[in-house]
2 protein chains.
Amino acid sequence: MEKRREEAERCECMHVHEDMIKEVHAHMPDEEQLADLADFFRVFGDTTRIRILYVLMCSEVCVCDIANLLGMTQSAISHQLRVLKQMDLVKNRREGKTIFYSLADGHIKSILSQGLEHINE
Amino acid sequence: MEKRREEAERCECMHVHEDMIKEVHAHMPDEEQLADLADFFRVFGDTTRIRILYVLMCSEVCVCDIANLLGMTQSAISHQLRVLKQMDLVKNRREGKTIFYSLADGHIKSILSQGLEHINE
DNA sequence: ATAACATATGAACAAATATTCATATGAAAA
DNA sequence: TTTTCATATGAATATTTGTTCATATGTTAT
């Protein structure tokens, strides 16, 4: 029976109160904000990007210096810098042939620190 | 020529000072910490997990209530709760057949808030 | 014991992602 | 103008990831 099949995946328990359901929905960010939040944190979810951010914490650096510092190809770094730029975590500035990248936002450092705090218990 | 090929990907510029290179490496977390950091933030990089965390901010809830609240299958929620648990973001407690989940850590809320702050500029 | 229910989990699949390779762009130097 | 160099980008590929489906585990009630 179809009905049984549908219900197979749903459990019927309901420990939660009516007003709690309302509270949850009241505090839940809307779909767009949720997506933006996830996108934002996903950027920090890659060691290459985190390394780049740590480099930029020290100083403004050009793409190829980052590549050399991290021992990776220019292309890989460039692709990741684009991701970081799209998320407004870094900004850049041209000087002749060279393009210098720097942190766009002061509290990037504090977000990474909080992450470190957590993983070090 | 092999040499040309190798160098094709590496640029030779070096705007960076010697002591800067040292400073970068001094401040850079080691490989293990980088991986842990990335793992930690990647957990926040999915809307389902973020939604679960927002639910748990309101109260301790059982798996199937979360599933019902979010309109998702029990299995999907269970898989994600495992991820959250592995990362020590949630804890659980058994009461008969039911297993109640709750936030493991107070500063999860503050991390999400910082994320929201950033995306709202 | 057996049935019923809440949760967990392994396998399979589709979608997203990071890197590489080859090449394009854009600026300075020759 | 042509070459050179720093950077960007599109396509291809391998890996990771989220969900589903089917089923296992573990607890309570019958």
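Below, chain A is the first sequence line, B the second, and so on; all start at residue 1. Bear in mind that the values here come from a model prediction, so they are computed numbers and not experimental data.
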| Estimated bend of the helix from C/dA1-D/dT30 to C/dA30-D/dT1 (axis per five terminal pairs, rounded to 10 degrees) | 10°

Considering just the side-chain nitrogens and oxygens of [X], establish if one lies under 4.0 Å of OP1 or OP2 belonging to [N].
{"X": "B/Thr73", "N": "D/dT20", "result": "yes"}
{"X": "B/Arg82", "N": "C/dT9", "result": "yes"}
{"X": "A/Gln80", "N": "C/dT19", "result": "yes"}

d([atom1], [X]; [atom2], [N]) in whole Å:
{"X": "A/His15", "N": "D/dT28", "atom1": "NE2", "atom2": "C1'", "value": "12 Å"}
{"X": "A/Leu81", "N": "C/dT19", "atom1": "CG", "atom2": "C1'", "value": "14 Å"}
{"X": "B/Leu70", "N": "D/dT20", "atom1": "CG", "atom2": "P", "value": "12 Å"}

| note | With sequence neighbours left out, the residues meeting side chain to side chain donor-acceptor pair (under 3.5 Å) with A/Glu95 are A/Arg93

| task | Would you check, one step at a time, whether the test side-chain contact (heavy atoms from CB on, under 4.5 Å) holds for B/Tyr101 with B/Lys91? | result | CA-CA 6 Å; B/Tyr101 279 82; B/Lys91 56 182 195 278; over 6 Å; no

| message | Tell me if the side-chain of A/Gln74 makes a donor-acceptor pair with the base of D/dA6, cut-off 3.5 Å, by modelled atom types. | response | no

| request: Could you tell me whether the side chain of A/Ser78 has a donor or acceptor atom within less than 3.5 Å of a complementary atom in the base of D/dT9? | output: no

| said: Does anything in residues 34-57 of chain B come within less than 4.0 Å of DNA chain D? Heavy atoms only, and list the residues if so. | reply: B/Arg42, B/Asp46, B/Thr48, B/Arg49

| Got a sec? Which of residues 84-102 of chain A come in under 4.0 Å of DNA chain D, heavy atoms? | A/Lys97, A/Thr98, A/Ile99, A/Tyr101

| Just how far is it from atom CG of B/Leu56 to atom CD1 of B/Ile66, taken to the nearest 0.5 Å? | 5.0 Å

| said: Can you tell me how far apart CZ (A/Phe44) and CD1 (A/Ile111) are? Round to the nearest 0.5 Å. | reply: 4.5 Å

| query | Of all residues at least two apart in sequence or in a different chain, which pass the side chain to side chain contact (heavy atoms under 4.5 Å, CB included) check with B/Gln33? | reply | A/Leu116, A/Asn120, B/Pro29, B/Asp30

| Excluding sequence neighbours, so at least two apart, what forms ring pair (Phe, Tyr, Trp, His ring centres under 6.0 Å) with A/Phe100? | B/His15

| request: Start with the C-alpha gap between A/Arg51 and B/Glu31, add the side-chain angles, then the distance that decides, and say whether salt bridge (charged side-chain N to carboxylate O under 4.0 Å, His left out) holds. | output: CA-CA 10 Å; A/Arg51 278 203 289 261; B/Glu31 276 309 307; 3.0 Å; yes

| said: Salt bridge or not between A/Lys22 and A/Asp19? Use side-chain N to carboxylate O under 4.0 Å. | reply: no

| note | Between B/Leu81 and the options B/Val63, B/Leu89, B/Ile99, B/Asn92, the side-chain contact (heavy atoms from CB on, under 4.5 Å) test singles out B/Val63

| Can you tell if the side chain of B/Leu103 reaches within under 4.5 Å of the side chain of B/Glu60, non-hydrogen atoms only? | no

| query | Can you find a pair of side-chain heavy atoms, one from B/Tyr54 and one from A/Val24, that are under 4.5 Å apart? | reply | no

| task | Answer yes or no for this row: A/His79 ring on D/dT9 base, centroids under 5.5 Å, planes under 30°. | result | yes

